Amino acid sequence: MTAPLLDVRGLKKHFPIAKGLFHRVTGHVRAVDDVSFTVQEGEALGLVGESGCGKTTTARCILRAIDPTEGSILYRMRDDSVVDLAPMSVGELGPLRKEIQMIFQDPFGSLNPRMTLFDNVGEPLLVNGMRRRRERMDRVAELLRLVGLRPEFMHRFPHAFSGGQRQRIGIARALATGPRLVVADEPVSALDVSVQAQVLNLLLELQSRLRLTFLFVAHDLSVVRHICDRVAVMYVGQLVELAPTDAVFRRPRHPYTAALMRAVPVPDPRVPGSDAILKGEVPSPASPPSGCYFHPRCMFAEERCRQDAPLLQEVTPGHFARCHFAGELQLGTGQAA
Amino acid sequence: MPPIPTVTDPLLRVRDLRVSFRLDEGTVRAVDGVSFDVFPGQVVGIVGESGCGKSVTMRAVLQLIDPPGRITGGEILYRRGATPIDLTRLSPRGRLMRDLRGAEIALIPQEPMAAFSPVHTVGAQIIEAIMLHERVGRDEARARTVELFRDVGISMAESRIDAYSWQLSGGLRQRAMIAMALSCKPRLLIADEPTTAIDVTTQAQILALLRELQRKYDTAIIFITHDLGVIAQMANYVVVMYLGRIMEEGPVDEIFHAPLHPYTRALLRSIPSLNSETRTVLPVIAGALPHPFNRPPGCPFHPRCGDILGDRCATAVPALHALGPRRAVSCFLHSELAEPA
């Protein structure tokens with residue numbers, strides 16, 4: 001097996017909490033706390049969790065939109081040499097930017113309303129040295145066709161397009177430089193239900209056609225189930241479960257993952273809602289609980305969970321969970337139809 | 001629709017409601033002939049995508065349509081005592097409407113952060129609402145607020161009522177909002193996407209709470225959402241809307257297991273589920289939601305419909321046709337009935 005395209009090791013991002021007149025640092029929000037995972041070339045990895053779990057911060061560290069506190073982000077180049085993105089300076093990152101691109105959540109905020117589609121989609125090309133306008137026009141036309149829009153649209157402005165179409169434009173722009181790794185942060189959560197499926201199908205098609213590697217950040221488990229090969233579940237800055245999609249959905253090994261699945265309302269009135277509802281709230285990453293971070297809300301918690309922090313252990317080949325009892329628990333997902 | 005024979009009379013009866021917004025660019029018919037009933041103790045779910053008129057319908061019930069919007073037709077009959085009152089005839093700022101709003105018909109808005117005042121404590125705002133509608137002193141109102149906070153599952157209720165909304169987490173804020181909506185024991189509760197802005201495990205808590213409170217107080221609820229999963233779990237009766245019109249309505253089981261309208265069927269097929277196969281192509285609804293100014297003639301769904309019957313769908317507007325006492329659909333596949341041109 002070849003080396004993974006992306007290999008994140010021990011990634012940490014701590015934000016200081018400053019107080020008082022002199023901004024004395026009184027503590028740290030451990031937004032991302034020792035996260036490690038790999039992404040193979042051509043794979044789609046889903047990063048899921050609730051707000052504040054650190055999934056977006058992890059993605060932003062990988063994009064180097066923010067500086068990680070610790071850890072390494074190993075990226076395999078086209079010539080198979082491996083570089084660490086974490087310590088790189090802005091100058092060093094420059095040539096890598098076209099390799100790693102992002103699709104944003106909000107199709108209304110992420111396009112410049114004063115620029116035509118040609119300028120919006122063509123800007124990354126210009127920045128990366130495609131100076132001739134003619135050449136850029138050809139490439140933009142090709143990109144628009146690729147995402148299912150008519151090339152004639154390139155001289156219009158974003159306001160003329162619906163949410164779904166704008167998301168297509170955002171995807172075209174992300175693909176402009178021919179990236180290998182695409183980070184998609186909640187790419188369909190702002191879209192209407194009837195257009196979500198179109199954009200999901202487009203992403204699937206593009207991925208197999210262009211052999212893209214996806215890091216898919218989402219809170220919606222059904223979307224992740226649909227599009228990802230593997231899923232990583234985060235809770236309070238840590239990975240709690242990492243496994244192939246089918247394995248996670250068939251038999252989750254961490255009680256939090258199971259609770260997350262049970263909480264998704266089933267679109268079938270004949271399937272009764274689950275009674276085993278997770279109590280309490282997500283703890284603050286500034287002062288997480290002792291032992292297992294999930295123990296105050298876990299219905300299986302025992303004395304040991306209050307004291308010992310569990311490690312991410314391999315339960316079955318390729319299936320990791322951060323729970324002392326990962327091998328023993330029989331967890332239901334409440335999704336049987 | 002013909003009168004529907006039932007054991008009890010509906011609490012709310014909306015008939016052919018029309019709301020338009022007159023703008024410089026043209027008139028937007030946000031709600032275009034909507035009719036449905038809400039019975040006491042029933043949960044009616046209204047589903048639809050953005051621009052379908054679900055929120056405007058509810059604002060019309062509360063008489064909260066701001067200019068340039070205007071109710072241009074229809075009636076909203078609210079049963080109070082022996083004779084129903086037509087809410088569309090009441091002055092939005094008049095005495096009677098102000099008495100009803102909050103006391104008998106209450107609203108849980110989508111974004112509790114925007115609905116609470118940031119400069120007053122949440123408790124003060126609820127106490128004010130109670131004292132406005134009922135003849136009680138401040139101490140009693142405060143005691144009732146603490147009681148309500150316990151009811152909606154807020155721990156440390158005595159101290160939390162003196163918190164400001166921005167000091168509470170999203171889930172607690174929505175619980176406080178529910179406490180406020182229930183403070184005067186309303187007969188009709190309108191929940192406008194109450195869980196859209198919160199996380200899925202918190203959503204499960206809030207939905208369970210609403211179900212429990214609904215049983216306890218036997219309140220009628222109109223539940224507005226775009227999430228079919230939430231509708232399936234919450235509603236007894238479902239109204240499906242698209243571009244200001246009702247596509248279909250009926251008991252929840254029939255909507256999910258025997259949908260009649262092509263829009264409902266396509267919508268149900270296109271949502272990814274936790275049981276779906278990984279990396280398969282989802283059936284899609286072609287096209288996009290039209291812009292409100294470019295409303296298609298004929299059936300609003302015809303440009304995206306897979307079962308189109310030719311010219312008729314593009315020229316005539318199908319009327320909402322009652323198929324049974326509590327089942328109606330507006331589609332030429334099921335009834336020839338058209339709206340008068």
Side-chain angles (χ1 to χ4, degrees), chain A residues 44 49-53 160-165 192-198 200-201 204-205 207-208 219-229 244-246 249 256 259-275 277-282 297 333-337, chain B residues 47-51 153 155 169-172 195 198-205 207-208 211 226-236 238 242 251-253 255-257 263 266-291 304:
Chain A
E50 298 182 275
S51 39
C53 73
F161 297 91
S162 68
Q165 288 171 319
D192 271 306
V193 193
S194 73
V195 284
Q196 265 193 17
Q198 294 175 4
L200 287 177
N201 284 348
L204 275 175
E205 186 201 322
Q207 198 207 359
S208 53
H219 71 278
D220 187 332
L221 288 168
S222 46
V223 167
V224 169
R225 156 108 228 200
H226 195 73
I227 216 159
C228 296
D229 303 296
T245 308
D246 284 331
F249 284 87
Y256 176 66
L260 212 51
M261 287 179 197
R262 277 200 308 273
V264 177
V266 188
D268 182 350
R270 290 180 193 172
V271 178
S274 172
D275 289 328
I277 289 166
L278 204 54
K279 289 182 189 63
E281 300 197 340
V282 178
R297 307 175 74 191
T333 60
Q335 294 286 333
Chain B
V47 251
E49 301 174 271
S50 46
S155 57
S169 69
L172 280 179
T195 57
I198 52 189
D199 274 314
V200 58
T201 57
T202 317
Q203 164 173 291
Q205 294 173 357
L207 294 180
R211 269 196 298 263
H226 66 277
D227 187 327
L228 290 162
V230 171
I231 280 287
Q233 299 303 316
M234 292 299 294
N236 313 118
V238 179
Y242 186 78
V252 67
D253 197 74
I255 294 291
F256 281 86
H257 290 283
Y263 174 63
L267 208 55
L268 286 168
R269 270 199 307 267
S270 71
I271 45 171
S273 99
L274 285 192
N275 297 319
S276 67
E277 284 289 306
T278 301
R279 310 190 62 95
T280 47
V281 174
L282 282 170
V284 298
I285 305 180
L289 283 169
H291 194 274
R304 307 178 71 190

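Because the structure is a prediction, the values reported are computed rather than measured. Lettering of chains follows the sequences in order, A, B, ..., and the numbering in each one begins at 1.
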Checklist outcome for this item: Interface check, chain A: of B/G171, B/G153, B/G229, most non-hydrogen pairs under 4.5 Å belong to B/G229

Checklist entry - Of all of B/S169, B/G170, B/A208, B/P290, which one pairs up most often with chain A through heavy atoms under 4.5 Å apart? => result B/S169

Next on the checklist: Once rounded to the nearest 0.5 Å, what's the spacing between atom CG of A/D192 and atom CD1 of B/I285?
Outcome noted: 10.0 Å

Item to check | Residue pair A/V193, B/I271: steps toward the side chain to side chain contact (heavy atoms under 4.5 Å, CB included) verdict | outcome: CA-CA 7 Å; A/V193 193; B/I271 45 171; 3.3 Å; yes

Checklist outcome for this item: Turns out that what part of A/L221 lies under 4.5 Å from chain B's heavy atoms comes down to both

Item to check | Contact summary for B/Q233 and A/V271, nearest pair of heavy atoms | outcome: NE2-O, 3.2 Å

Next on the checklist: Does any backbone or side-chain atom of B/E49 lie under 4.5 Å from a heavy atom of chain A? Answer side chain, backbone, both or neither.
Outcome noted: both

Next on the checklist: Do B/H257 and A/P269 make a side-chain contact, defined as non-hydrogen atoms from C-beta onward lying under 4.5 Å apart?
Outcome noted: yes

Checklist outcome for this item: Pair count under 4.5 Å, heavy atoms only, with chain B: among A/D229, A/V282, A/D246, A/D220, highest is A/D229

Next on the checklist: Restricting to non-hydrogen atoms, name the atom on B/A286 and the atom on A/Q198 that form the minimum distance, rounded to 0.1 Å.
Outcome noted: C-NE2, 3.7 Å

Next on the checklist: I'd like to verify something: which residue of B/L172, B/V200, B/L228, B/V230 has the highest number of heavy-atom pairs under 4.5 Å with chain A?
Outcome noted: B/V200

Item to check | Residue selection (most heavy-atom pairs with chain B, distance under 4.5 Å) from A/A44, A/S208, A/G164, A/S51 | outcome: A/S51

Checklist entry - Excluding sequence neighbours, so at least two apart, what forms ring-ring contact (aromatic ring centres under 6.0 Å, His included) with A/F161? => result A/F153

Item to check | Nearest non-hydrogen partners of A/L278 and B/Q205, listed with the distance | outcome: O-NE2, 2.7 Å

Next on the checklist: Is A/T245 close to chain B through its backbone or its side chain, or both, or neither, when contacts mean heavy atoms under 4.5 Å?
Outcome noted: side chain

Checklist entry - Side chain, backbone, both or neither: which part of A/Q165 has a heavy atom under 4.5 Å from chain B? => result neither

Item to check | Residue selection (most heavy-atom pairs with chain B, distance under 4.5 Å) from A/A197, A/G163, A/C228 | outcome: A/A197

Item to check | Shortest non-hydrogen contact from B/P272 toward A/V223 | outcome: CG-CG2, 4.3 Å

Checklist entry - In terms of heavy-atom proximity below 4.5 Å to chain B, should A/E281 be classed as side chain, backbone, both, or neither? => result side chain

Checklist entry - Of the backbone (N, CA, C, O) and the side chain (C-beta and beyond), which part of B/I231 lies under 4.5 Å from a heavy atom of chain A, both, or neither? => result neither

Checklist entry - With a 4.5 Å heavy-atom cut-off, do A/H226 and B/T280 have their side chains touching? => result yes

Checklist entry - What residues, two or more places apart in sequence or in another chain, satisfy salt bridge (charged side-chain N to carboxylate O under 4.0 Å, His left out) together with A/R270? => result B/D253

Item to check | Segment of B/P283 engaging chain A (4.5 angstrom heavy-atom cut-off) | outcome: backbone

Checklist entry - Taking all atoms of both residues into account, what is the closest heavy-atom pair of B/L282 and A/N201, and its distance? => result O-ND2, 2.7 Å

